[in-house]
Amino acid sequence: MVALTFPDGARRDYPDGITGFDIAKGISPSLAKRTVAMALDGVVVDLADTIEKDARIEFVSREDPRALELIRHDTAHVLAEAVQALWPGTQVTIGPVIENGFYYDFQRNQPFTPEDLPVIEKKMKEIIARDKPFTKEIWSREDAKKVFADKGENFKVELINAIPEDQSLKIYKQGDWFDLCRGPHMTSTGKIGNAFKLMRVAGAYWRGDSNNPMLSRIYGTAFAKQEELDTYLKNMEEAEKRDHRKLGREMDLFHFQEEGPGTVFWHANGWTIFQEIVAYMRRRLRGEYQEVNAPQMLDKSLWETSGHWGWFRENMFQATSAGDDTEDERVYAIKPMNCPGHIQIFKHGLKSYRDLPLRMAEFGIVHRYEPSGAMHGLLRVRAFTQDDAHIFCTEDQMADECMKINDLILSTYADFGFDGALTVKLSTRPEKRVGSDAAWDHAEDIMQNVLKKIEEQGGGRIKTAINPGEGAFYGPKFEYVLRDAIGRDWQCGTTQVDFNLPDRFDAFYIAADGSKKPPVMIHRAICGSMERFLGVVLEHFAGHMPLWLAPKQAMVCTITSDADDYAIEVRDAARKLGLRVDADLKNEKINYKVREHSLTKVPALLVVGKKEAETRSVSIRRLGSEKQTVMSLDEALKTLSAEALPPDLKRAQA
RNA sequence: GCUGCCGUAGCUCAGUGGUAGAGCACCUCAUUGGUAAUGAGGAGGUCCACAGUUCGAUCCUGUGUGGCAGCACCA
C-alpha cells in the first residue's frame, strides 16, 4: 500500500503500482479528463506513472503554471513528428524547452526557410487534432541504439551513448512516432491546444560546439491560452519598438557605416548622452580615484608580457607605420584593455604600502576584433569606451575594495533607473589561464566570501550565482547583471581579482617591513562599455530619457511668428541655466511641431504664442502626455532646471 | 567565424534583362495657425563593390563587403 496526501490534506491508501490516472478517475472522470500530469512531492511526472511510495500528490491541469513546460515540450515533439512527416529522411536531434518557448534541431540537407513554417504548423495542427496519447516505454540501450541506427538517426545514437550507463532509456510514443526523451509529457497530443507558433529558423551547432556540424533549428513558442500567446507576441513587438538601433536613428543619436564595421559615429545628440554618463561616473570617482590616460597603442612586447598576445591575438588589432620606405618595423597593438598601461603608470616611481589602495581610473577606448557575427548595434562593437579602473592594493584590503565597488555599482544602477532584480555571478578559473592553482584557490576563496556578503547586504534584491570556468585568464570575476524595464537581463559591471598581471610585469610596492611585494590588482568597470550601457539605458527608457540624460531637454515652439522674439528670450534664459534647449520658429502649425518633436522624444515642449508672450509664461507639454500646463517663465525654468539635475547632484543638494 | 536571409533616394519600401518609382524627410512659394502631419511646386540615385554570362545587367551567376536572425565567441 502507498499513502498519498492530497492538497486538501486528506490522506488515503492505495494499492502499490496504482497510476495517477487511476486515482484521478477514481475521484471523478472529469478530473481524469482535465488532468495532464501529476506532481509527486512537488516533482512533475507522467500521469500514467505508477506510484511506488508514499507521497504528496497534486493533479496538474493544463492551466497550471507547471504545465506550461509540458505544453512546450510536447509541442516540440509534435514539431519533430510534423517535420519528419513532411520531409522523410530528416534526422531529429534534441528539442528542449527554453525561456519563452522551445526549439528543435534537425539535420536536413536543405535548411528550412521561413516559408516552411506555416506548412509545418498546419501539419502540427493535424497531429494535435488526432489526439494520440503520449506513452512511455523503457528500452534497453542496445535495442534503442539498433532501432535508431536502423532509422538512420545517427545523432540519437550519439545521444544514447552519452547517457550514463546507470540511467534507463525512456522512449515516448505519440501514435506511431516516437522519440528518445527524458519526459515528462502530458497525456496526449490533443492537450497541447492551438496556442502555439513557430517563430523562426536558424542554424545551430550540434551540441553547441562550433567544431561540430551545423544543424537546422526551428524556434517556437506555446502557451496554455491563445490570449497568452497574443500577449507574448505583442510584447515582442514592443521590444522591437524600443530597439536602440531604431531609437538611435529616430533620435539622431549615432550611425554605423560600411567602412567602420562595429565602430560608432556618434552624432551630437548621442554624444551628449554619452558625455552626460561619463560626467556622472567622473563625479562618482571624485576623491577616491585618480583618473589617468594610457597610450592607445603600445609595442606588442608589452602584450606578450601580459599574456594577451598569446591568448587573444586573434581578437586584437595591430598597427605599423604605413610608409613604404620606413625602416621602422615595430609592431604595435591597439589596446584591447587598459590594465597593462595602468601597470606602467603604477610602476613609474616607487610605491609604498602607504600609497595603497591606489585606485586608477580611465575612460579608456579599447579595440577588439570581435567576430563579424557578434556585432550588434551599440551592444557589441569593435571599439568602445570602458569606465575602467584598476585598484592596486594589499591582500588585506581586497575584500573591502570589492565591497566598495559593489556599493558603487549598485548605487549607479539605481541612479540610472534600474531598480529591478540584480544578479551577481562569480566566474571561476577558466581552462585558458595564467598563475598557479594555489593562487586561484586563494582568490576564489576570498571572492566566495565577498559574494556571500554581497547577497546578505542586498536585502533579498540581489541574487547570486556561480559561473564555473567563465573567469578571466588572470583571475576570477564578479559579473553584475541588471534587469531592465521589460525584464531583460544585461551584464554590465564587473569586478576581477588579479594575482597574476602585477607579477608578470614585476610591479611591486615597499611593504611596512621594507620588503618588495607585488600588489593585488582589482580590475573593475561599472557601466562596462559606455556604448553598450548607453544602448541598454536607451532601451530601458524606450527613448523617453529622464531630463538629465536627454540630449535635447526642451524645445520652445512658437504658435505664430508674433512670439518669435519671446521664444528666443525663453530659449536663452533656459540656456543660461545650463539647460539644453532649442527654439523652433519654423513657419509650421503647432500640431506639426508637437508631432515632430514628440517623435524625436524631446521630454518637454515649451509652447509660446501671443498669450504667453504677453503674460511672460509658457505652456508646457511633457513627452507621453497630452496635458498642457501653463506657468510663469520663471517658475517653469526653475522646475525644469531642478529636474534636470543629475541624481547624484540632487542627493548632494538634499 | 558558421547557417539562412537581405543591401534600390536621408528614412521606410515598390519595381524591371533595354540605366528607376512611391510616401515621409529636404528646398522654394503661399499660408500666421493654440498642442501628434496646411497646400502647391522643386531638387535628390555609381540601384553595396568587383568580375562573369549577355548585343545590353540594378535585375542572372560568382567573389568580396556590410547588415539582419540565430549559433559559436565576448580578456
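The figures here come from the full heavy-atom set of this structure, side chains too, leaving out hydrogens, waters and symmetry mates. In the text below, chain A, chain B and the rest are named by the order of the sequence lines, each starting its count at 1.
Counting any heavy atom pair closer than 4.0 Å across all strands shown, A:G208 reaches sugar-phosphate atoms only and no base atom. Residue contacts for A:A374: at a heavy-atom cut-off of 4.0 Å it reaches a base atom on one of the strands shown. Residue-level contact check: A:P261 touches the backbone only, with heavy atoms under 4.0 Å from sugar-phosphate atoms and none from bases. Counting non-hydrogen atoms under 4.0 angstrom, A:K611 reaches a base of the nucleic acid. At the heavy-atom level, A:Y592 lies under 4.0 Å from the strands shown only through sugar-phosphate atoms.
Between A:F106 and A:F112, the ring centre distance stays below 6.0 Å.
A:N315 and A:E370 are not linked by any side-chain donor-acceptor pair at a separation below 3.5 angstrom, with hydrogens and angles left out of the test. Counting only N and O atoms by type, the side chains of A:D498 and A:H523 include a donor and acceptor under 3.5 Å apart.
With the nearest nucleotide of RNA chain B identified for both A:Q257 and A:E626, A:E626 has the one nearer the 5' end.
Note on A:Y219: a side-chain N or O is less than 4.0 Å away from OP1 or OP2 of B:rC71. Proximity of A:H376 to the phosphate of B:rG67: no side-chain N or O atom is located under 4.0 Å from OP1 or OP2. Neither OP1 nor OP2 of B:rU32 sits under 4.0 Å from any side-chain N or O of A:S561. Under 4.0 angstrom from either OP1 or OP2 of B:rC11 there lies no side-chain N or O belonging to A:K246. Note on A:R380: every side-chain N or O is 4.0 Å or more away from OP1 and OP2 of B:rC68. Contact check, A:R621 against B:rA36: a side-chain N or O comes under 4.0 Å of OP1 or OP2. Phosphate contact (OP1/OP2 of B:rA36, side-chain N/O of A:N591, threshold under 4.0 Å): present. In this structure, A:R249 reaches the B:rU12 phosphate: one of its side-chain N or O atoms is under 4.0 Å from OP1 or OP2.
Here the side chain of A:S619 is nearest to one of B:rG34, B:rG70, B:rC26, namely B:rG34.
Side-chain N/O atoms of A:E612 and base N/O atoms of B:rG34 include a donor-acceptor pair closer than 3.5 Å. For A:R595 and B:rA37, a side-chain-to-base donor-acceptor distance below 3.5 Å is present, hydrogens and geometry of angles not being considered. A donor and an acceptor atom never sit less than 3.5 Å apart when one is taken from the side chain of A:T558 and the other from the base of B:rU32.
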